[in-house]
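Scroll down for the structure; my scribbles are underneath it.
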Amino acid sequence: QVQLVESGGGSVQAGGSLRLSCAASDYYNCMGWFRQAPGKERESVARISSAGTSAVTDSVKGRFTVSKDNAKNILYLQMNSLKPEDTAMYYCAADPNPWRVSCLTKTDFSYWGQGTQVTVSS
């Protein structure tokens, strides 16, 4: 049974930092972080391959860093200089295809965690 368990969310003031973790029950080549704020569509925040190729969305560039511990099957999202607009439920996702050529474009994030709430106050 696929399990993706997020942790590390919480409430912080603007300018603060949080580190999200996602513990996966199995190895996945392509993994990513998504977020959804109330009344808004879910958006991709970051994605990474086991080889370390990664990308983050423009709105978090220079502030968020995605990383992956392949030995432990853990995905991380280091979030610095947080802004109120970063407030959202953050979800971890995984693509079940271990042979995906690119994790940054054509992916199938069909496995999802339950999410962890991040709230940033001004």
Side-chain angles (χ1 to χ4, degrees):
Q1 183 178 356
V2 176
Q3 279 193 321
L4 299 174
V5 181
E6 302 97 334
S7 61
S11 297
V12 295
Q13 290 191 330
S17 298
L18 285 173
R19 188 195 196 198
L20 305 184
S21 298
C22 171
S25 57
D26 203 348
Y27 164 82
Y28 298 104
N29 177 26
C30 300
M31 297 189 73
W33 289 100
F34 292 76
R35 67 185 180 186
Q36 187 167 20
K40 294 187 177 181
E41 293 187 356
R42 185 178 61 196
E43 65 169 336
S44 174
V45 177
R47 50 186 69 194
I48 188 170
S49 72
S50 293
T53 303
S54 65
V56 298
T57 193
D58 287 346
S59 62
V60 307
K61 280 184 179 177
R63 301 188 297 121
F64 290 12
T65 303
V66 61
S67 60
K68 191 170 178 285
D69 186 329
N70 295 319
K72 298 181 179 179
N73 294 334
I74 299 178
L75 177 70
Y76 299 101
L77 185 67
Q78 178 66 44
M79 306 187 295
N80 299 326
S81 302
L82 282 161
K83 302 176 180 180
E85 50 264 44
D86 295 318
T87 295
M89 184 71 79
Y90 283 71
Y91 298 92
C92 168
D95 182 332
N97 184 351
W99 309 112
R100 187 75 65 189
V101 174
S102 173
C103 298
L104 304 186
T105 53
K106 296 182 179 179
T107 50
D108 175 21
F109 288 112
S110 54
Y111 297 153
W112 294 87
Q114 294 300 308
T116 185
Q117 178 68 37
V118 172
T119 302
V120 185
S121 59
S122 58

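If you read the sequence from its start, that first residue is 1, and numbering goes on from there.
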Judged by modelled atom types alone, do Y28 and S50 share a side-chain donor-acceptor pair under 3.5 Å?
no
Any luck finding a side-chain donor-acceptor pair between S49 and N29 under 3.5 Å?
no
Give the cluster check for M89 versus M79: same hydrophobic cluster or not, with ILVMFWY residues linked at side-chain heavy-atom distances below 4.5 Å.
no
Got a sec: does the CD of Q117 have more than 12 other heavy atoms crowding it under 6.0 Å?
yes
Derivation of the side-chain contact (heavy atoms from CB on, under 4.5 Å) call for F34 and W112
CA-CA 10 Å; F34 292 76; W112 294 87; 3.5 Å; yes
For the side chain to side chain contact (heavy atoms under 4.5 Å, CB included) test, which of V66, V56, I48 pairs with L77?
V66
Rounded to the nearest 0.5 Å, what's the gap from SG on C22 to CD1 on I74? Could you check?
9.0 Å
Run the side-chain contact (heavy atoms from CB on, under 4.5 Å) test on R35 and T87 for me, step by step, so that the C-alpha distance in whole Å, both residues' side-chain angles and the decisive distance to 0.1 Å come before the verdict.
CA-CA 9 Å; R35 67 185 180 186; T87 295; over 6 Å; no
For a quick test of reading the model, state the closest non-hydrogen atom pair linking L4 to M31 and the distance between them.
CD2-CE, 4.0 Å
Quick one: CZ on F109 to SG on C92, what's the gap to the nearest 0.5 Å?
9.0 Å
For L18 and G9, which heavy atoms make the closest approach, and how far apart are they?
CD1-C, 4.5 Å
Inter-residue atom distance C30.SG - L104.CG, 0.5 Å rounding
8.0 Å
Which pairs count as ring pair (Phe, Tyr, Trp, His ring centres under 6.0 Å) when at least one residue sits in residues 5-26, sequence neighbours excluded?
none
For N80 and S17, the nearest pair of non-hydrogen atoms, with its separation, is OD1-OG, 3.0 Å
Can you check side-chain hydrogen bond (donor to acceptor under 3.5 Å, both in side chains) on T107 and R47, steps first, answer last?
CA-CA 10 Å; T107 50; R47 50 186 69 194; 3.0 Å; yes
Between OH of Y76 and CG of D69, what distance do you get to the nearest 0.5 Å?
5.0 Å
Pair D108-N97, side-chain contact (heavy atoms from CB on, under 4.5 Å): steps then yes or no:
CA-CA 8 Å; D108 175 21; N97 184 351; over 6 Å; no
Considering only NZ, NE, NH1 and NH2 on the basic side and carboxylate oxygens on the acidic side, decide whether K83 and D86 come within less than 4.0 Å.
no
What's the separation between atom OH in Y91 and atom CD in E6, rounded to the nearest 0.5 Å?
8.5 Å
Side-chain heavy-atom pair V2, D26 within 4.5 angstrom cut-off
no
d(Q1 CD, Y111 OH) to nearest 0.5 Å is 11.0 Å
Salt bridge (charged side-chain N to carboxylate O under 4.0 Å, His left out) with R100: which residues, sequence neighbours excluded?
D95
Would the distance check show the side chain of R63 and the main-chain N or O of S81 forming a donor-acceptor pair, the cut-off being under 3.5 Å?
yes
